[in-house]
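Comments concern the structure below.
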Amino acid sequence: MKLKLVASFNTLINNPEKKNILISIEERNCSEKVIIMSSNIIHDADGSASRIVLKEHTGSTAEVLFQGGQVVSWKNERREELLFRSNKTLWKPPKAFRGGIPISFPQFGTFGSLERHGFARNRVWVLDDSPSPLPAANNQSTVDLILKSTEEDLKTWPHRFEVRLRISLSAGKLTLIPRVRNIDNKPFSFTFSLRNYLSVSDISEVRVEGLETLDYFDNLQRGERYTEQADAITFDSETDRVYLSTPTKTAIIDHEKKRTYVLQKEGMADAVVWNPWDKKAKSLPDLGDQDYKKMLCVDSAAVETPIILKPSEEWRGRQELSTVSSSYCSGQLDPRKVIYG
């Protein structure tokens with residue numbers, strides 16, 4: 001039987017009564033298979049759509065803002081929040097707020113002449129009705145968003161582009177697939193990052209494995225280049241580093257919570273590791289004085305070598321965040337097995 005899709009994303013998003021939305025369609029042998037996932041569009045008091053909540057069958061959830069295309073919550077089946085979000089967050093659109101997974105495009109940090117971290121995180125994204133050529137996201141709760149260049153953007157960055165982002169939630173896993181397409185008549189280059197604010201028990205009890213022996217830029221030392229000498233990265237002071245040519249997997253081990261985050265990525269060669277520590281935290285108006293103890297940022301990034309796109313070319317990245325139970329001290333988990341399999 002051929003089923004008919006009766007409403008588009010944009011129709012549904014503008015109707016506050018329609019909370020359950022159709023996530024994807026898969027075409028096979030001239031028939032259409034409609035896949036219905038549990039997702040809710042949340043509206044503000046003025047009726048405008050502000051965010052979407054993804055849910056999957058084990059009970060985990062993810063919350064995504066249309067402002068900035070920013071994931072701001074990811075909870076596991078036990079309703080434990082896995083992403084850090086400051087209680088002092090000053091969310092005043094169009095500025096992004098601190099926490100979750102903000103996007104840096106077309107510039108990471110101050111690696112360029114634009115505003116810090118670019119403008120994508122400060123724009124309103126919309127649902128993407130045509131996320132091709134990505135396959136249908138079966139057995140996942142998924143939303144596809146898109147950001148297109150505006151005349152205002154062209155004043156500061158004179159390149160026409162489309163940025164697409166697929167966010168998929170499945171049991172124990174959160175996947176983000178960013179894509180950038182050049183729709184201009186001339187080449188352009190950009191840097192990019194997905195900044196992952198991870199929720200941790202105590203930063204002094206966290207260690208990062210997989211980045212040892214690598215070169216990094218130290219932003220606390222005017223961007224000077226160094227080589228990591230430690231067996232693993234641990235934290236006892238402010239850290240702001242861009243690790244270069246990193247492996248596809250990194251393990252972030254939280255000893256106290258007996259939890260390991262596994263970060264797997266493609267298309268983003270670098271990894272940014274950041275914690276502001278006490279002095280810097282006190283200087284940030286949207287971060288509590290003690291918040292630095294409960295967070296760690298480990299980004300998937302393309303920083304050292306900008307991505308260059310010719311007209312009509314597209315770049316694609318992929319990031320997969322998952323968690324595994326671990327107790328490194330008792331030997332229940334060998335971090336190197338997590339990283340190298």
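Scanning for ring pair (Phe, Tyr, Trp, His ring centres under 6.0 Å) contacts around F188 gives W157, H159, with sequence neighbours left out. The side chain to side chain donor-acceptor pair (under 3.5 Å) search around S86 returns D291, not counting sequence neighbours. Residues satisfying the side chain to side chain donor-acceptor pair (under 3.5 Å) criterion with K293, sequence neighbours excluded, are Q290. Scanning for salt bridge (charged side-chain N to carboxylate O under 4.0 Å, His left out) contacts around E152 gives K155, with sequence neighbours left out. Qualifying side chain to side chain donor-acceptor pair (under 3.5 Å) partners for S60, counting only residues two or more places apart in sequence or in other chains: E56.
The heavy-atom pair separating S204 from D202 by the smallest distance is OG-OD1, 2.8 Å. For the residue pair I177 and G317, the shortest heavy atom distance occurs at CG2-O, 3.3 Å. Residue R164 comes nearest to P131 through the heavy atom pair NE-CA, 4.4 Å, listed as atom of the first residue, atom of the second, then distance. Nearest heavy atom pair, residue S168 against residue T142, reads OG-OG1, 3.0 Å. Across S170 and Q140, no two heavy atoms sit closer than the pair CB-CG, 3.9 Å. Nearest heavy atoms, D299 versus S193: OD2-OG, 4.1 Å.
S141 places a side-chain N or O within donor-acceptor distance of the main-chain N or O of K55, the cut-off being under 3.5 Å. Although no hydrogens or angles enter the test, the distance criterion places a donor-acceptor pair under 3.5 Å between the side chain of K294 and the main chain of S201. Of the possible donor and acceptor atoms, none in the side chain of N196 sits under 3.5 Å from a partner among the backbone N and O of L198. Distance alone, capped at 3.5 Å, places no donor-acceptor pair between the R207 side chain and the D254 backbone. S322 places no side-chain N or O within 3.5 Å of a backbone atom of K173 that could act as its donor or acceptor partner.
To the nearest 0.5 angstrom, S325 atom OG is 12.5 Å from K257 atom NZ. With values rounded to the nearest 0.5 angstrom, D215 atom CG is found 8.0 Å from S245 atom OG. Rounding to the nearest 0.5 Å gives a distance of 12.0 Å between CZ of R318 and OG1 of T248. Taking CZ from F108 and CG from D270, the interatomic distance works out to 9.0 Å, rounded to the nearest 0.5 Å. The distance from atom OH of Y226 to atom CG of D218, rounded to the nearest 0.5 Å, is 6.0 Å. In this structure, the separation between CG on D278 and NZ on K280 is 12.0 Å, given to the nearest 0.5 Å.
Other members of the cluster containing F84 are Y197, W274, L284, L287, M295, with ILVMFWY side chains joined at under 4.5 Å, either directly or via other members.
Side-chain atoms of R166 and T175 include no donor-acceptor pair closer than 3.5 Å. Counted by atom type alone, S199 and E81 present zero donor-acceptor pairs between their side chains at under 3.5 Å.
Side chains of L134 and R179 form a contact here, defined as non-hydrogen atoms less than 4.5 Å apart. Residues I146 and V126 are in side-chain contact: their nearest non-hydrogen atoms beyond the backbone lie under 4.5 Å apart. Counting heavy atoms from C-beta outward, V180 and I307 have side chains that stay 4.5 Å or more apart. L194 has its side chain within reach of M268: a pair of non-hydrogen atoms, C-beta onward, lies under 4.5 Å apart. Contact annotation: the side chain of D286 never approaches that of K88 to less than 4.5 Å [non-hydrogen atoms, C-beta and beyond]. Contact annotation: the side chain of D231 never approaches that of E212 to less than 4.5 Å [non-hydrogen atoms, C-beta and beyond]. Counting heavy atoms from C-beta outward, W125 and Q70 have side chains that stay 4.5 Å or more apart. Put simply, the side chain of F235 reaches to within 4.5 Å of the side chain of V208, judged on heavy atoms.
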Audit row: V71, L83, side chain to side chain contact (heavy atoms under 4.5 Å, CB included) steps and yes/no:
CA-CA 9 Å; V71 179; L83 299 178; 3.8 Å; yes

Begin with the C-alpha distance, continue with both residues' side-chain angles, and end with the deciding distance and a verdict on side chain to side chain contact (heavy atoms under 4.5 Å, CB included) for L296 and V273.
CA-CA 8 Å; L296 174 64; V273 179; 4.2 Å; yes

Go through the steps to decide whether W315 and N182 satisfy the test side chain to side chain contact (heavy atoms under 4.5 Å, CB included), and finish with yes or no.
CA-CA 9 Å; W315 165 83; N182 183 349; over 6 Å; no

Could you walk me through whether N122 and H117 pass the side chain to side chain contact (heavy atoms under 4.5 Å, CB included) check?
CA-CA 10 Å; N122 301 328; H117 294 311; over 6 Å; no

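Between P106 and the choices F190, F192, F161, the side-chain contact (heavy atoms from CB on, under 4.5 Å) rule is met once, by F190. Of the candidates V53, L165, I52, I52 is the only one forming a side-chain contact (heavy atoms from CB on, under 4.5 Å) with V143. When the options E228, R225, E304 are evaluated for a side-chain contact (heavy atoms from CB on, under 4.5 Å) with Y216, the one that passes is E228. Partner of I183 under the side-chain contact (heavy atoms from CB on, under 4.5 Å) criterion, out of R160, E314, K148: R160 alone.
Around atom NZ of K310, no more than 12 heavy atoms belonging to other residues, nucleotides or ligands sit under 6.0 Å away.
E162 and R181 are not joined by a salt bridge, as no carboxylate oxygen comes within less than 4.0 angstrom of a charged side-chain nitrogen. Ion pairing of R259 with E80 is present here, as a side-chain N (NZ or NE/NH1/NH2) and a carboxylate O approach within less than 4.0 Å.
Using cut-offs of 30° and 60° on the angle between ring planes, the pair Y261 and W74 is tilted. Using a 30° and 60° split on the angle between ring planes, W277 and Y292 fall in the tilted class, from 30° to 60°.
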